[in-house]
Amino acid sequence: MKSQTLRLESTPTHQLTQSVLYVKKYQLVPRPHSPPYLFVFVRYWDMERKYSRKSVKFAFSCILAFFLHKLCLGQKICSVPSEPVTLKENNTIDIVVAYINTTTKDVTLTLIENPEDAFDLKGSFLIVKKRLDFEKLLNPEELAVQVRCNKTGFKSITLTVLVQVENINDNPPSFAQSEYELDVNELTPINTSVGLIEAKDDDSGVLYYTMEPNVNMYFRLESTYKPNILVNKTLDYDVVQQVTLTLYVQDTPSPPPPDQLSFTGTTTIRVNIKDIDNRPPWFQPCMRTTLGTAKICLSLGYKGRVNLTEKQDGPLQLQPGPIYARDGDKSRNEEITYKIVRGNEDSIFQIDETTGNITMLKPADIAGPISLTVLASQVSNRDQFASTSVNIEVMKKSRNPPKFERERYEAYVYSNSGPENMVLRDRTSNRPFRVRARDDDFANGINPDIRYEVQYSSYVNITTDGFVLLKKAVRTDSFALQVRAVDVSTGESGTAALSVVVLPPVGVQSPSEGYRAGDMALLGFVMAALLVLCLIVIGYLISRLKKENPDTLKLSEVSNFSSKLLFRSMLAAYSFH
């Protein structure tokens, strides 16, 4: 309350004949620039009546006036500002908080209430003797400092100076932890909250939040003022298993106002995506596809063969492999169980519930296909299941595998031949090379289910009819490979070796051959004619010698001549070759 100077006035009635001493009404009136005084005006009427009673009341009035005067003098000796004094935190030491005004000399000032032991008196000045921290004060907005004023002959009075400590922005906001870890199930609905991570600021101001990376597609903040982390996009464990976020907090808007301190804080948030049980078992191998947010894996089924009237021991050999299903939620890897649910009405087959291997209980007595439906389900959740088909062909037993006509083949190809050119049968013609395999299970040896394959070569392909074609130009003198004939109905096969010689281009003589086969035939004919001629000459000479009876020398010369002639003929033939 502001200090005021008050004057007490009396307003008596104007009935002069009244003999009673009284004060009818008192009124307190402010009187500026002076300490409060209480003025008592007492008027008397009818002075002639009862003098003794008047004396008593006069004395009483004097005593009352004396005490009121003393009281007013006690309040007048010192004063302080009536308004609270504002002081910013982190203040400078020894600054003046308030001035204590004394109206007379020899007034003694004493601190009787000193909050936080933070204040002191230096003469008539109230000073602060230490730095004040708004956040550490119990009641920073109302520190009541009390000063007692004493003077001999005056009543002591107590003055109160209200000090309000003003909060300034001097503390950065901070999170309780430097790192947070959150677990979120995949397929959590969009806009679902996964965590509220707030910072604290000792200055108790408004905080502003942002999150990086800004391009993060999976999570977002609810607002700048509320760091509630929401799902922004459907989560898929197969795509993302963990997302790392950085959450920023600032105690001023961004950018901060001019000439205003701004502090920031950060924390790291690691969000672990948890795989939930939302997918059934998938038979392997399978082709994965996506339908909206759902992912499925399509299996083409399995195939196998058994012989008619013959029980096969052990698990059936299936294509593309043994029956196997795994949990579609790959990180969960739930245990799978198997069961034949259709197609096994004659109880020919049984399936191992744990491994999925199919075995025979008895022989099949009817040729033809048997189609089984196999169910795979989770042991812990039978509602998660998938089915596939297993087609088993019951066939008459094959007694003879395919067999090539020869174990080794030789073929030829020109070095300038390109892709799709045929490998040739021999050097002298353009007849294509062809391999054939017989199957003695057929009367004519021709098995329509035989297919040919090439192994260990990147140069050639082979047709279903056994013709060999180049895939690319050959850059070597020769190459070898293996051809394979497979009975696709039984899986039986046979192999043969093939060696391919690379010939020079047409019209170019090879260093290893002087003439073609026709030239060699002509040469042989010439040599034979010469040999016959030589024999005729020798026979004629011998007959002449017998008739004429020549001596031994002539016979020896004839023999030498015939030998030389024969040797030269053979040498000429060898040189020509």
Check: L316 and V306 side chains under 4.5 Å, non-hydrogen atoms
yes
Is the shortest distance from a Lys or Arg side-chain nitrogen in D202 or K200 to a carboxylate oxygen in the other one below 4.0 Å?
no
Of all heavy-atom pairs linking N333 and D327, the shortest is N-OD2, 3.7 Å
For the pair R270 and E179, find out whether any cationic side-chain nitrogen is under 4.0 Å from an anionic carboxylate oxygen.
yes
Is there side-chain contact between I462 and V435, with at least one heavy-atom pair below 4.5 Å?
yes
How far apart are the closest heavy atoms of K295 and W282, and which atoms are they?
O-CZ2, 3.6 Å
Heavy-atom count check: over 12 atoms from other residues, nucleotides or ligands less than 6.0 Å from R408 CZ?
no
Can you name the closest pair of heavy atoms from Y180 and F175 and give their distance?
OH-CB, 3.9 Å
Electrostatic pair R279:D238 at N-O distance under 4.0 angstrom:
yes
Step-by-step side chain to side chain donor-acceptor pair (under 3.5 Å) determination, D439 to N447
CA-CA 6 Å; D439 190 339; N447 183 349; 2.7 Å; yes
Please examine the side chains of L469 and V460, heavy atoms only from C-beta on, and report whether any two atoms are closer than 4.5 Å.
no
Less than 4.5 Å apart, any side-chain heavy atom of T264 and any of V249?
no
Would R220 and N191 count as a side chain to side chain donor-acceptor pair (under 3.5 Å) if you check the C-alpha gap in whole Å, the side-chain angles of each, and the deciding distance to 0.1 Å?
CA-CA 9 Å; R220 63 179 177 86; N191 294 329; 2.5 Å; yes
Using atom types as modelled and distance alone, determine if a side-chain donor or acceptor of Q384 lies under 3.5 Å from a backbone N or O of D277.
yes
Between E181 and N272: side-chain donor-acceptor atoms closer than 3.5 Å:
yes
Please report the C-alpha distance between Y218 and V231 in whole Å, then the side-chain angles of each, then the deciding distance to 0.1 Å, and finally whether the side-chain contact (heavy atoms from CB on, under 4.5 Å) criterion is met.
CA-CA 6 Å; Y218 295 106; V231 175; over 6 Å; no
Closer than 3.5 angstrom, by distance alone: can the side chain of S417 be matched with the main-chain N or O of N421 as a donor-acceptor pair?
no
If we ignore hydrogens and angles and just use 3.5 Å, is the side chain of R332 paired with the main-chain N or O of D275 as donor and acceptor?
yes
S398 versus E492, side-chain donor and acceptor atoms under 3.5 Å
yes
Taking the inter-plane angle between the rings of Y459 and F479 on a 0 to 90° scale, is it parallel (under 30°), tilted (30 to 60°) or perpendicular (over 60°)?
tilted
Flag yes if more than 12 heavy atoms outside L300 fall under 6.0 Å of its CG atom; otherwise flag no.
no
Answer with yes or no whether the side chains of N400 and D441 bring together a donor and an acceptor at under 3.5 Å.
yes
Option passing side-chain contact (heavy atoms from CB on, under 4.5 Å) with I348 (candidates I370, V394, L361, I392)
I370
CZ of F349 to OG1 of T359, rounded to nearest 0.5 Å, is 9.5 Å
Can a donor-acceptor pair be found, under 3.5 Å and without considering hydrogens, that links the side chain of E186 to the backbone of I276?
yes
Side chains of L318 and V390, heavy atoms from C-beta outward: is any pair under 4.5 Å?
yes
Start with the C-alpha gap between Y412 and V423, add the side-chain angles, then the distance that decides, and say whether side-chain contact (heavy atoms from CB on, under 4.5 Å) holds.
CA-CA 6 Å; Y412 304 88; V423 174; 5.9 Å; no
Between D236 and K330, does any NZ, NE, NH1 or NH2 come within less than 4.0 Å of an OD or OE carboxylate oxygen?
no
Is it true that atom CD of Q242 has more than 12 heavy atoms of other residues, nucleotides or ligands lying nearer than 6.0 Å?
yes
Exercise: identify the closest heavy-atom pair between P504 and Y414
O-CD2, 2.9 Å
Check the pair D251 / S262 against side-chain contact (heavy atoms from CB on, under 4.5 Å), numbers first and verdict last.
CA-CA 6 Å; D251 56 12; S262 180; 3.8 Å; yes
Kindly check if the number of other-residue, nucleotide or ligand heavy atoms within 6.0 Å of CD (Q177) is above 12?
yes
Parallel, tilted or perpendicular, judged at 30° and 60°: which one describes the rings of Y409 and F433?
perpendicular
Ignoring hydrogens and geometry beyond distance, is a side-chain donor-acceptor pair present between N185 and T188 at under 3.5 Å?
no
On a heavy-atom basis, which atom in C297 and which in R288 lie closest, and how many Å separate them?
SG-CG, 3.3 Å
Counting C-beta onward and ignoring hydrogens, is there a side-chain heavy-atom pair between L535 and L533 closer than 4.5 Å?
no
Kindly compute the distance separating CD (Q241) from CG (L235), expressed to the nearest 0.5 Å.
11.0 Å
How about D477: does its CG atom have over 12 heavy atoms from other parts shown lying under 6.0 Å from it?
no
A quick test of your reading: do over 12 heavy atoms of other residues, nucleotides or ligands sit less than 6.0 Å from CG of L196?
yes
Rounded to the nearest 0.5 Å, the CG atom of N461 sits from the NZ atom of K471 at a distance of 4.5 Å
What's the spacing between I340 CD1 and E345 CD if we round to 0.5 Å?
10.5 Å
Are E310 and K397 within salt-bridge range, i.e. N to O under 4.0 Å?
yes
Main-chain N/O of L375 paired to S387 side chain as donor or acceptor, under 3.5 Å
no
Which value, rounded to the nearest 0.5 Å, describes the distance between E334 atom CD and Q378 atom CD?
5.0 Å
Out of curiosity, S493 OG to I450 CD1, how far, rounded to the nearest 0.5 Å?
10.5 Å
Tell me if the CZ atom of F385 is crowded by more than 12 foreign heavy atoms within 6.0 Å.
no
Kindly say whether N278 contributes a backbone atom to a donor-acceptor pair with the side chain of D329 at under 3.5 angstrom?
yes
Any chance CZ of R436 has more than 12 other-residue heavy atoms, nucleotides or ligands included, within less than 6.0 Å?
no
May I ask you to check whether N391 and R305 show a side-chain donor-acceptor distance below 3.5 Å?
no
Are T464 and Y452 close enough, and set up right, to give a side-chain contact (heavy atoms from CB on, under 4.5 Å), and what steps lead you there?
CA-CA 6 Å; T464 56; Y452 296 98; 5.7 Å; no
I need the minimum non-hydrogen distance between P419 and K472, along with the two atoms involved.
CG-CA, 4.0 Å
Given the side-chain rings of Y225 and Y208, with only the six-membered ring counted for Trp, is the space between their centroids under 6.0 Å?
yes
Check whether R431 reaches the backbone of L424 with its side chain - one donor and one acceptor, N or O, closer than 3.5 Å.
no
Consider only side-chain N and O atoms of R484 and T495, and report whether a donor and an acceptor are under 3.5 Å apart.
no
